[in-house]
Amino acid sequence: MANKAKVTLHPSFVIGEISPRLYSTFLEPIGTIVNGTMYNPKHPTADDLGFRRDVIDGLKDAGMSYIRLPGGNFVSCWDWKDSIGPRESRKTHLDLAWRQYITNEVGHDEYLQWAERVGAQPLYTLNLGTGDIRDAISLVEYTNHEGGTWWSDLRRKNGHEKPYGVKTWYLGNEMDGPWQIGAWDKNPRGYGITANEVSKAIKWVDPTIETVVCASSAPFMAHYPQWEEEVLQECYETVDYISMHHYHIAPPGDYAALLGGSAYYEDFINTEIALCDLVAAKMRSPKKMMLSFDEYGSMQRPNSELHPGYGPHNMAAAHYVFDPNRKYVLHDPDNMPDRPFPGGDMVHALSAASTLLAFLRHADRVKIACMTGGIGAMCASNHDHVWKSASHYIFRHLMEYGRGTSLQTAVDCDRFDLPGYAIDDNSQYTGKKNLPYIDAAAAHDKENGSLTLFVINRSTDTEYPLTLDTSAFDGYSFDKHIELYSTDMDKKNSYENPDEVVPAISAAAKNQSGEFSTLVKPLSWNVIHFSK
């Protein structure tokens with residue numbers, strides 16, 4: 001092995017403008033994320049609406065600016081009209097998606113007012129499972145119209161005088177998934193026509209808004225990518241983004257598979273870009289469709305038993321399960337369990353970072369990205385307290401330095417092959433060859449004189465000497481090299497021990513005679529910043 005790496009940057013090799021919405025999060029009432037983390041009127045920090053002020057302050061401190069809500073699978077059986085007005089008169093319903101009781105103590109207005117208090121712009125998901133076009137029109141009118149109509153005046157009566165001004169609206173959630181209530185998996189053209197009519201109508205309610213139409217819920221779907229091609233042919237001119245979801249899974253301890261997962265995200269992105277451009281050509285349209293990766297996550301999970309002949313893509317059989325022993329649950333914030341994710345902080349931080357770097361490398365088309373679990377990444381919490389996990393620092397770094405334009409990174413380093421593997425019947429990954437150990441993306445904020453290289457060292461055991469060629473950036477000088485690293489991958493921060501895994505300034509960085517060099521530790525996150 002050469003055991004060295006070099007990255008070259010040039011201001012002319014621009015990928016595209018970086019949208020600040022790449023660093024968004026996703027909220028869905030699963031378990032106690034709403035009734036417990038977001039809302040607990042008995043918590044010592046609870047405000048006048050019952051929201052935990054410690055969580056709000058933690059997310060404001062992290063800089064969370066955009067959030068997709070209120071779901072998720074949840075919305076396909078949710079009637080927003082039952083969640084407004086006095087809490088004592090709201091209706092409790094079954095949530096068929098997650099087998100829970102929804103009391104609607106946190107309703108439509110509370111979701112949006114919580115976002116206001118956090119300082120985040122909401123990206124709202126409409127119910128196009130059991131909901132219809134009239135329901136969507138009424139919801140947008142209630143939410144965004146100034147006043148003078150029954151729905152907008154009802155919002156004012158319910159305590160919010162000014163419109164919420166929600167700009168981005170998702171036209172359903174994972175509508176191709178057989179697990180979805182009111183799924184359109186067997187009728188993509190029908191969903192495309194419905195999405196077209198809903199998008200058209202709600203833009204007539206509020207011409208300032210933008211809409212997002214569902215694509216395949218995962219690249220493992222048997223109908224991917226034909227399903228979204230048929231959808232887009234019916235609604236291409238009325239929508240602004242396609243909605244993409246993917247959860248990458250690797251076996252426990254296989255860090256190469258976990259951090260190499262960004263390659264599968266990029267395959268998904270490249271396919272959808274090509275498909276969107278194909279539809280544009282077929283429609284003779286000059287419009288360029290943008291991508292919203294509004295649910296994503298990378299995680300470790302043990303392999304499940306495989307069933308030869310069953311799959312690998314039979315999603316319907318996997319989800320048409322009717323368990324007579326499964327009970328509905330009422331989640332009580334007073335009894336919020338402490339269920340930390342398995343694995344140390346660096347595992348979660350690096351897996352999130354590797355996916356975000358993939359999005360940065362496609363910043364010309366990926367304009368929204370909402371991390372599932374992003375609230376906990378930005379502000380970790382349990383029943384009583386909040387603290388900063390290692391992932392908090394990565395989001396902070398990206399939001400602070402990952403601005404301006406994304407630049408191509410020419411990386412010369414050692415490479416590795418990733419064997420194919422199967423987690424279960426549906427999550428099966430082909431092998432990858434020649435992946436770089438140095439995973440990199442760059443941001444150039446020309447207006448503010450900032451140049452930043454983000455680097456992940458995917459190697460488990462090799463510290464790489466890294467050189468960086470920035471000779472084309474006249475007037476820029478090295479500022480700092482921030483590294484996040486732990487010798488123990490099982491270490492994690494907590495309220496009692498908040499500084500187990502924290503960033504530090506690297507002492508290895510040198511900038512002599514116009515050449516920058518440093519060391520990047522194994523399984524580390526690195527931010528190398530230059531200022532003009």
Side-chain angles (χ1 to χ4, degrees), residues 26-37 39 70-83 90-107 125 127-132 135 172-187 190-191 214 216-218 220-223 227 245 247 249 252 295 297 299-342 372-373 383 422-428:
F26 168 59
L27 174 68
E28 181 172 11
I30 301 175
T32 55
I33 186 64
V34 169
N35 281 349
T37 299
Y39 172 78
N73 296 349
F74 158 79
V75 301
S76 290
C77 200
W78 185 56
D79 190 336
W80 69 276
K81 297 185 294 295
D82 291 340
S83 77
R90 297 179 188 178
K91 299 176 183 178
T92 297
H93 289 292
L94 296 178
D95 172 19
L96 305 186
W98 302 111
R99 303 298 192 274
Q100 58 188 345
Y101 293 98
I102 295 297
T103 64
N104 280 317
E105 289 175 277
V106 176
T125 309
N127 177 356
L128 284 190
T130 57
D132 58 20
D135 195 52
N173 175 77
E174 296 182 353
M175 298 313 304
D176 72 316
W179 56 86
Q180 205 68 225
I181 312 302
W184 293 86
D185 55 315
K186 295 178 172 59
N187 188 8
Y191 169 66
C214 295
S216 293
S217 301
F220 303 123
M221 304 298 288
H223 52 233
W227 192 87
H245 295 180
Y247 293 97
I249 309 170
E295 280 188 41
M299 64 203 77
Q300 298 181 104
R301 196 181 78 200
N303 292 353
S304 300
E305 181 184 358
L306 299 179
H307 304 87
Y310 165 85
H313 301 299
N314 195 339
M315 287 286 194
H319 289 90
Y320 290 169
V321 177
F322 311 101
D323 184 356
N325 297 314
R326 188 169 182 180
K327 305 298 183 183
Y328 279 82
V329 177
L330 177 63
H331 294 290
D332 181 1
D334 228 20
N335 297 311
M336 180 178 173
D338 186 10
R339 294 175 181 167
F341 285 106
T372 304
H383 181 278
I423 293 292
D424 55 34
D425 291 313
N426 294 309
S427 300
Q428 301 195 27

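Keep in mind that the numbers below use all heavy atoms, side chains included, and drop hydrogens, waters and symmetry copies.
Evaluation of the ring pair (Phe, Tyr, Trp, His ring centres under 6.0 Å) rule for W98 yields no partner, not counting sequence neighbours.
A side chain to side chain donor-acceptor pair (under 3.5 Å) with W78 holds for exactly one of N104, D95, N127; it is N104.
Taking the side chain as every heavy atom from C-beta outward, N426 and M221 never approach each other to under 4.5 Å. Side-chain contact between N173 and Q180 is present, with at least one heavy-atom pair separated by less than 4.5 Å. Contact check for H331 versus V329: side-chain heavy atoms found under the 4.5 Å cut-off. Looking at D135 and K81, their side chains come closer than 4.5 Å, going by heavy atoms from C-beta outward. The side-chain heavy atoms of D425 and L306, taken from C-beta on, include a pair separated by under 4.5 Å. A 4.5 Å side-chain heavy-atom check between T372 and H245 finds every atom pair outside the cut-off.
The aromatic rings of Y191 and W227 sit parallel to each other, their planes meeting at less than 30°, with 60° as the upper class boundary.
Under the 3.5 Å distance criterion, the side-chain polar atoms of H383 are left unmatched by any main-chain donor or acceptor of G36. R90 places a side-chain N or O within donor-acceptor distance of the main-chain N or O of S83, the cut-off being under 3.5 Å.
Atom CD1 of I249 is separated from atom CD of Q300 by 11.5 Å, given to the nearest 0.5 angstrom. In this structure, W179 CH2 and N73 CG are separated by 7.5 Å, a value rounded to the nearest 0.5 Å. Within the model, atoms CG of L94 and OH of Y101 stand 6.0 Å from one another, a figure rounded to the nearest 0.5 Å. In this structure, N303 CG and I423 CD1 are separated by 4.5 Å, a value rounded to the nearest 0.5 Å.
Side-chain contact check for H93 and D79: no donor-acceptor pair (N or O, by modelled atom type) lies under 3.5 Å. N35 and D332 share no side-chain donor-acceptor pair at under 3.5 Å.
Here the shortest heavy-atom pairing between S217 and G177 reads OG-N, 4.2 Å. Here the closest heavy-atom approach between residue G71 and residue F26 is recorded as C-CE1, 3.7 Å. Closest heavy-atom contact between G172 and C214: O-SG, 3.4 Å. P333 and Y39 get closest at one heavy-atom pair: CB-O, 3.7 Å. In plain terms, the two heavy atoms of S216 and H223 that are nearest each other are OG-CD2, 3.8 Å. T125 approaches P70 most closely through the heavy-atom pair O-CD, 4.1 Å.
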Verdict with supporting geometry, E28 and I33, side-chain contact (heavy atoms from CB on, under 4.5 Å):
CA-CA 7 Å; E28 181 172 11; I33 186 64; 5.8 Å; no

May I have the step-by-step check of side-chain contact (heavy atoms from CB on, under 4.5 Å) for L330 and T103, ending in yes or no?
CA-CA 9 Å; L330 177 63; T103 64; 3.7 Å; yes

